[in-house]
Amino acid sequence: KINIKMTKFHGHQLITLYKYELGRKLLIRYKDYLDTALSPIFLSPFNILSNFIFKGYSLVLIPSSESMRKRRGFDHLDLMLQAIRLKQFKILAKDDSLQRFSKDRQVKFRLLNDQPLKKVIIFDDVITSGNSIKAALDLLVPISDSIIIICLFNNLSEVRE
């Protein structure tokens, strides 16, 4: 069930598409049990509309660690976004292999390309601690004119202005 919520995260618009409690099990089934048949269901209600509303935006995906991609055998965000026609920029690489459920983790990305971007959507499936999004913002704010954050599920315990 769609439940769009708009808040702020470190001064940037954060759009959450679903309640975390309702989609958590499906996301685990998709990512941990490798049920790739589920990949289109998360964004299918938004595919056509998002291609118009966000026309001119560039997608920057929050990357998984290389070890996680190898374990799964697929990039879970790439599969979800197949019907979204926005240009993707794979300019972030994850430098750590921390456990994704750890609350006190330090996430480190490196910028693979520092070409200026105008309008950016940072996309991730779930925000738990906010550390990944904050690390991405730290790198993207200096090279971007405008940033919106979109996630499927938001499990932050507090709003971060």
Side-chain angles (χ1 to χ4, degrees), residues 2-20 23-24 27 30-31 39-40 42-66 68-69 72 74-98 100-103 105-161:
I2 297 170
N3 184 37
I4 297 174
K5 183 177 179 183
M6 294 189 190
T7 56
K8 293 277 187 182
F9 183 84
H10 293 279
H12 298 276
Q13 183 72 48
L14 168 60
I15 302 169
T16 304
L17 304 179
Y18 302 100
K19 285 188 176 183
Y20 178 76
R24 181 177 61 86
L27 191 61
Y30 171 58
K31 289 171 58 174
S39 67
F42 298 102
L43 291 170
S44 62
F46 307 100
N47 288 344
I48 295 172
L49 191 58
S50 64
N51 291 325
F52 291 108
I53 291 174
F54 297 111
K55 186 175 183 176
Y57 278 81
S58 303
L59 274 171
V60 174
L61 310 182
I62 297 296
S64 295
S65 67
E66 187 61 32
M68 190 59 79
R69 277 196 304 278
R72 284 189 191 120
F74 64 93
D75 186 311
H76 70 290
L77 296 181
D78 277 344
L79 282 180
M80 284 182 191
L81 290 160
Q82 282 184 337
I84 304 289
R85 301 290 177 231
L86 302 175
K87 185 168 182 159
Q88 288 186 29
F89 285 87
K90 296 199 178 195
I91 61 173
L92 297 176
K94 194 169 192 177
D95 283 341
D96 65 326
S97 59
L98 297 169
R100 68 178 184 224
F101 298 112
S102 171
K103 292 283 185 187
R105 62 187 186 158
Q106 288 295 319
V107 177
K108 294 180 184 169
F109 295 119
R110 68 181 185 284
L111 203 54
L112 300 175
N113 179 346
D114 63 354
Q115 97 180 53
L117 300 170
K118 292 201 180 288
K119 299 187 294 184
V120 173
I121 295 171
I122 297 175
F123 180 79
D124 203 0
D125 53 351
V126 62
I127 298 176
T128 49
S129 68
N131 292 337
S132 293
I133 298 295
K134 178 66 172 94
L137 283 170
D138 290 344
L139 293 174
L140 295 172
V141 164
I143 64 168
S144 306
D145 292 341
S146 172
I147 297 176
I148 294 173
I149 305 159
I150 299 177
C151 66
L152 298 176
F153 310 102
N154 181 348
N155 195 33
L156 284 174
S157 58
E158 61 190 58
V159 174
R160 298 185 187 177
E161 297 295 327

For Thr7 and Lys5, the nearest pair of non-hydrogen atoms, with its separation, is CG2-CE, 3.8 Å
Closest non-hydrogen atom pair between Gly130 and Phe9, with its separation:
O-CZ, 3.4 Å
Just how far is it from atom CG of Leu43 to atom CG of Leu79, taken to the nearest 0.5 Å?
11.5 Å
When you measure from the side chain of Asn51 to the backbone of Arg85, do you find a donor-acceptor pair of N or O atoms at a distance under 3.5 Å?
yes
Within a reach of under 6.0 Å around CD1 of Ile48, are more than 12 heavy atoms found that belong to other residues, nucleotides or ligands?
no
For Asp78, salt bridge (charged side-chain N to carboxylate O under 4.0 Å, His left out) partners two or more places apart
Lys90
Nearest 0.5 Å, what's the CZ-CG distance between Phe42 and Leu77?
10.5 Å
Check whether any side-chain N or O of Thr16 sits under 3.5 Å from a backbone N or O of Tyr18 as a donor-acceptor pair, and report yes or no.
no
For the CD1 atom of Ile147 and the CG atom of Leu14, what is their distance to the nearest 0.5 Å?
13.0 Å
I need the minimum non-hydrogen distance between Arg69 and Asp75, along with the two atoms involved.
CD-OD2, 3.6 Å
Take Phe153 and Leu17, measure what side chain to side chain contact (heavy atoms under 4.5 Å, CB included) needs, and give me the verdict at the end.
CA-CA 6 Å; Phe153 310 102; Leu17 304 179; over 6 Å; no
Could you tell me whether a side-chain N or O of Ser50 sits under 3.5 Å from a main-chain N or O of Asn47, the two making a donor and an acceptor?
yes
What pair of heavy atoms forms the shortest contact from Tyr57 to Leu86, and how long is it?
O-CB, 4.0 Å
Do the ring centers of Tyr30 and Phe74 come within less than 6.0 Å of each other?
yes
Beyond-backbone contact of Phe46 with Ile4, side-chain heavy atoms, under 4.5 angstrom
yes
Show the nearest heavy-atom pair for residues Ser65 and Lys94, with the distance to one decimal.
N-CD, 3.7 Å
Which atom pair, heavy atoms only, marks the closest approach of Val107 to Ala135?
O-CB, 3.6 Å
NZ (Lys118) and OG (Ser146) are apart, to the nearest 0.5 Å, by 11.5 Å
Atom pair CD1 (Ile127) and CD1 (Ile62), whose distance is rounded to the nearest 0.5 Å:
8.5 Å
May I ask you to decide if Leu92's main-chain N or O and Arg110's side chain share a donor-acceptor pair within less than 3.5 Å?
no
